[in-house]
Amino acid sequence: MPKLTINGVEIEVPAGYTVMQACQMQGIEIPHFCYHDRLAIAGNCRMCLVEMDKSPKPVASCAMPVADGMVIRTDSEQVKKDRAGVMEFLLINHPLDCPICDQGGECDLQDEAMAFGSDRSRYQEPKRAVTDKNMGPLVKTIMTRCIHCTRCVRFATEVAGVSELGALNRGEKMEIATYVEQAVNTELSGNIVDLCPVGALTSKPYAFKARPWELKKTESIDVLDAVGSNIRIDSKGAEVMRILPRLHEDVNEEWIADKTRHACDGLKRQRLDRPYVRKNGRLVAASWDEAFAAIARSLDGLKGDQIAVLAGAMVDAESMFLAKKLFGERLRSPYLDCRTDGAKLLPGVRASYLFNSGIAGIEQADALLLVGSNPRWEAPMINARLRKAYLRSGMGSFPIGVIGVAPQLNYPYQHMGRSPLGLQDVLSGQHPFVEQLKAAQRPALILGGGAVNRPDGAAILHTAYAVADKYAFVRDGWNGFNLLHTAASRVAGLDLGFVPQDAKVGVGEIMAEAAAGKIKLLYLIGVDDLPAEELSKLRNSSFVVYQGHHGDAGAAAADVVLPGAAYTEKTGWYKNTEGRLQSTQQAILPPGEAREDWKVLRALSERIGQTLPYNDLAEVRLALAKAFDPLFSQLDTLQPAPWQSFGQPGRLIDTPMQPAIANYYMTDVISRNSETMAKCTEAFVLGNKAAA
């Protein structure tokens, strides 16, 4: 390892480090704008200048590799003068927008101008102005502020995988722009706002809403997909103003997807803030006592097999645990199901429904088979990891095969057929891609909802197991079999055994029984992703209770509506697609009379004479952890699952496997009620279909 001297202190650093990284190891602050440790080095802002012995001029520390015997000075008068001069140049054309700039208060340019800049400007010539660009409904541009750090360009090209941003012209006429006037079409575009060190790129939905010092900051997780991205919720009063990423190297690094970031405006629209009871065919406002009394009357005299409970995509583990205790154990219902998407998954073998390699671990794969999945829409943060693995491999040595309807991914792949028969060809060894799987040291398979949500989902699952077993996807220190969920509640529900007692029964069978009148009471907890026509069949055959936070499809079909809390309004446990237990934190209070789901179930149990012995969330969590030890005993850890046979042998149907998501921007009640997501749908989904 090379040794060098920084400000008179000799240190030893790993080979390949830059001078800036060596200085940071010593706790020395080096100002910079263009450098970012997750992006390629550009070296174009020159703010990180340092003195180096035997160099006739200052060097950019971000781009200078360390060498043995180097002597570096970061605090000399010459360095201070150089940095002040660079700052003068950066501010030559920068407008005095700080009082009205959304970046104010959290702006790198403000901070570094104060710490390293001059106290006056010598520039007398007219400032230049740059035309603002239209980058879509999420990113607002004020390009006169741009200092050409090119962070946004490098992120779009390297991480997001869209080459739509770049630098046009040269010298004073240089501009950052899209090559063709169009929106930046990527599910990660909001991250360029975080990366921008000045106010050139800001959040369009958040524009002029609040100042950083006005906001209450709450660390939580996202539940709009199954990745469990770590987020920070910034709220003002009773409203969530914005959502930002929080660093978690093993889940989302420091990025988040656009739906996670911008769907929060849907939290305040079409909310349920009081109970409702259907009278004379119409839902009318009622008290909690009236609503519970109506449910109690409907439950009176019912047998267990006349009751069913479904849990939706954003239900927390504590609520499913209490629902299982109340309806499954006390009322003896055999019909509990968390698989509202119809997935043919069973809780017996954990390896069959986990992302076993881990989200971070997928970067180690050297061959990939995607089956019935579009990770770009189903899990943008996992897709970013796949692109990283592709780039690290040298772009030519990471073979990717896709079985199912061909998705528009941001890395090349080999399309191997639209139906699951392509997977059968891989198992039989007939497809040429088999040779690349055999040659791989860490092959991986990602099975999506489009594969397991079908009538032959169990057979596809078993065939995928056979492929993984035959081609050694599971070996010492590596399990490459991965199930990619789209619902935040799914893994916790399967771990809890929140499925019917009869393995052959699923949500389709439960809905058919309810429509036929054999199931007399159907209790929906946050279920809004069932087809409206299926729910409408229940109107005269079954008593429907809906518990949730938005007046969506489930509430419209209900006889009793109980208002619940959204994920920003409660503290709750969730397990992401890899089985990592994480917790949301309450940022704001639920609106009106709405309450957390577990509290509603606890109160209902008391009203129907089946009182559950839990009085606060800590007691619920303690009982949950004890009943399902060790699955709910440790936060933020992964518990490897033993590898054994799963799925059900059967005939594969020769029809295309459709991805689980048809519109990334509208997948749940929150995003469907978001004005911002509606604009994204118009720009990126409907617009693309019209162009095609």
Side-chain angles (χ1 to χ4, degrees), residues 266 269-270 272 276-283 298 306-315 335-345 372 377-378 405 449-457 486-487 489-490 499-500 504-562 564 653 655-674 677-678 681 685-686 689:
R269 293 182 174 88
Q270 206 174 328
L272 298 174
Y276 290 86
V277 176
R278 190 175 295 277
K279 296 180 180 179
N280 299 321
R282 298 184 63 183
L283 286 172
S298 297
Q306 295 176 309
I307 303 169
V309 184
L310 301 181
M314 293 187 286
V315 181
Y335 301 127
L336 313 180
D337 207 341
C338 66
R339 307 162 302 173
T340 52
D341 59 350
K344 306 301 186 290
L345 300 170
W377 277 12
E378 294 168 23
V405 175
V452 296
N453 297 353
R454 296 159 44 103
D456 59 347
T486 56
S489 65
R490 196 78 74 235
V499 297
K504 295 181 180 179
V505 174
V507 67
E509 289 75 15
I510 291 175
M511 293 297 292
E513 292 283 288
K518 295 180 180 179
I519 290 177
K520 302 294 185 182
L521 186 140
L522 181 63
Y523 200 105
L524 305 177
I525 308 176
V527 177
D528 291 284
D529 47 357
L530 293 176
E533 58 271 18
E534 292 294 320
L535 291 169
S536 65
K537 295 177 183 178
L538 308 177
R539 183 59 57 83
N540 299 316
S541 58
S542 179
F543 190 86
V544 180
V545 180
Y546 173 81
Q547 178 179 325
H549 44 78
H550 276 77
D552 208 276
D559 296 290
V560 173
V561 175
L562 305 177
I653 302 173
T655 56
M657 288 186 288
Q658 301 290 340
I661 292 177
N663 175 7
Y664 164 72
Y665 298 99
M666 289 187 172
T667 58
D668 52 80
V669 289
I670 297 175
S671 57
R672 283 197 292 271
N673 283 287
S674 165
M677 293 297 100
T681 298
V685 180
L686 301 180
K689 288 181 180 179

Peer 1: Tell me the closest heavy-atom pair linking Ala311 and Val527, and the distance in Å.
Peer 2: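 The pair with the smallest heavy-atom distance is C-CG2, 3.8 Å.
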Peer 1: To the nearest 0.5 angstrom, please state how far the CD1 atom of Ile525 sits from the OH atom of Tyr546.
Peer 2: 11.0 Å
Peer 1: Closest approach of Leu538 and Ala515, non-hydrogen atoms and distance?
Peer 2: CD2-N, 3.6 Å
Peer 1: Under a 3.5 Å distance rule, please check whether Ser542 uses its side chain to pair with a backbone N or O of Gly517 as donor and acceptor.
Peer 2: no
Peer 1: Please answer whether the main-chain N or O of Ala516 pairs with a side-chain N or O of Ser541 as donor and acceptor at a distance below 3.5 Å.
Peer 2: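 No, Ser541 side chain to Ala516 backbone: no donor-acceptor pair under 3.5 Å.
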Peer 1: Testing the basics here: between Gln547 and Tyr523, what is the closest heavy-atom pair and its distance to 0.1 Å?
Peer 2: OE1-OH, 2.5 Å
Peer 1: When you measure from the side chain of Lys344 to the backbone N and O of Asp456, does any donor-acceptor pair fall under 3.5 Å?
Peer 2: no
Peer 1: Could you tell me whether the side chain of Arg339 and the main chain of Val507 form a donor-acceptor pair under 3.5 Å?
Peer 2: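 No, the answer is negative, given that no donor and acceptor are paired below the 3.5 Å cut-off.
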Peer 1: Donor-acceptor pair, His550 side chain versus Arg269 backbone, under 3.5 Å?
Peer 2: yes
Peer 1: Between Asp668 and Asp528, is there a side-chain heavy-atom distance shorter than 4.5 Å?
Peer 2: no
Peer 1: Side chains of Tyr335 and Leu522: does their closest heavy-atom pair fall under 4.5 Å?
Peer 2: no
Peer 1: For Leu310, is there any backbone N or O sitting under 3.5 Å from a side-chain donor or acceptor partner on Asp337?
Peer 2: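 Absent.
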Peer 1: Could you tell me whether the side chain of Arg454 and the main chain of Pro656 form a donor-acceptor pair under 3.5 Å?
Peer 2: yes
Peer 1: OG1/Thr340 to CG/Asp529 distance, rounded to the nearest 0.5 angstrom?
Peer 2: 3.5 Å
Peer 1: State, with a plain yes or no, whether a side-chain heavy atom of Arg278 is found less than 4.5 Å away from one of Leu283.
Peer 2: yes
Peer 1: Pair Thr486, Ile661 - check side-chain contact (heavy atoms from CB on, under 4.5 Å), show working.
Peer 2: CA-CA 8 Å; Thr486 56; Ile661 292 177; 4.2 Å; yes
Peer 1: Rounded to the nearest 0.5 Å, what's the gap from CZ on Arg539 to CG on Asp559? Could you check?
Peer 2: 7.5 Å
Peer 1: Backbone N or O of Glu533 within a donor-acceptor pair of the Ser536 side chain at under 3.5 Å?
Peer 2: yes
Peer 1: If you measure from the Lys or Arg side-chain nitrogens to the Asp or Glu carboxylate oxygens, is any gap between Arg490 and Asp341 under 4.0 Å?
Peer 2: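 Counted as a salt bridge, because a side-chain N and a carboxylate O are separated by less than 4.0 Å.
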Peer 1: Between Ser489 and Gly312, is there a donor-acceptor pair closer than 3.5 Å when you use the side chain of the first and the backbone of the second?
Peer 2: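 At least one qualifying donor-acceptor pair exists.
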Peer 1: Restricting to non-hydrogen atoms, name the atom on Ile510 and the atom on Pro500 that form the minimum distance, rounded to 0.1 Å.
Peer 2: CD1-CG, 4.1 Å
Peer 1: What closest approach, in Å, do Thr667 and Asn663 show between heavy atoms, and which atom pair accounts for it?
Peer 2: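 Looks like CG2-O, 3.4 Å.
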Peer 1: Can you tell me how far the CD1 atom of Ile307 sits from the NZ atom of Lys520, to the nearest 0.5 Å?
Peer 2: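 Here the interatomic distance stands at 12.0 Å.
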Peer 1: Can you find a pair of side-chain heavy atoms, one from Trp377 and one from Val685, that are under 4.5 Å apart?
Peer 2: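 Yes. Closest side-chain heavy atoms under 4.5 Å.
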Peer 1: Quick one: does any side-chain atom of Asp552 pair with a main-chain N or O of Gly554 as donor and acceptor, under 3.5 Å?
Peer 2: no
Peer 1: Indicate the atoms forming the closest heavy-atom contact of Ser298 with Leu521, along with that distance.
Peer 2: CB-CD1, 3.8 Å
